[in-house]
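Written out below as structure tokens is the structure these notes cover.
Numbering starts at 1 and runs along the sequence shown.
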Amino acid sequence: ADIVKNQLLQVKHFVRDNRSQFIVDCDEHDDEDDKKTLTRTVKRLALVGETNIAHTLFTQPERVAGSNIPNQFLELMDYIIAYRYNQSETERAGRNMTLSKTLMR
């Protein structure tokens, strides 16, 4: 646990020091009356896509701490990403089933 905690700290410092590289503009919409009206553009950290934090960590792990690659942290992060994806897909499938089945089924 201490190794992963130390590797997490290294990743946090890496993201903080390279924050400008991961900032993207995101449009925020007002969902009132089912009209998606653009309200403003905000800057956020990119978590998905080819210029995101996760992609950089997995493709260039040596950038985080030189030759001391945070392998255990990356393994944990990979598991979390896979679990979250599967959980979301399962919830979406369950929602679709709820909406499409008849009441007596």
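Distance check: Leu45 CG to Arg19 CZ gives 4.5 Å after rounding to the nearest 0.5 Å.
Residues Ile23 and Ile53 share a hydrophobic cluster, clusters being chains of Ile/Leu/Val/Met/Phe/Trp/Tyr side chains in contact below 4.5 Å.
Residues meeting the salt bridge (charged side-chain N to carboxylate O under 4.0 Å, His left out) test with Lys43, sequence neighbours left out: Asp25. Arg44 meets the salt bridge (charged side-chain N to carboxylate O under 4.0 Å, His left out) test with Glu28; sequence neighbours excluded. Looking at residues two or more places apart in sequence or on another chain, you find a side-chain contact (heavy atoms from CB on, under 4.5 Å) between Leu76 and Val4, Ile80.
Judged purely by atom type and a 3.5 angstrom limit, Asn18 uses its side chain to pair as donor or acceptor with the backbone of Phe14.
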List, one per line, each side-chain donor-acceptor pair under 3.5 Å for residues 54-61, sequence neighbours excluded.
{"from": "Thr56", "atom 1": "OG1", "to": "Asn52", "atom 2": "O", "distance (Å)": "2.9"}
{"from": "Thr59", "atom 1": "OG1", "to": "His55", "atom 2": "O", "distance (Å)": "2.7"}
{"from": "Gln60", "atom 1": "OE1", "to": "Arg63", "atom 2": "NH1", "distance (Å)": "3.0"}

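Atom CD of Gln21 sits in a crowded spot, with more than 12 heavy atoms from other residues, nucleotides or ligands closer than 6.0 Å. Atom CD1 of Ile3 has 12 or fewer heavy atoms from other residues, nucleotides or ligands within 6.0 Å.
A side-chain hydrogen bond (donor to acceptor under 3.5 Å, both in side chains) check over residues 4-14, counting only residues at least two apart or in different chains, returns the pairs His13-Arg16.
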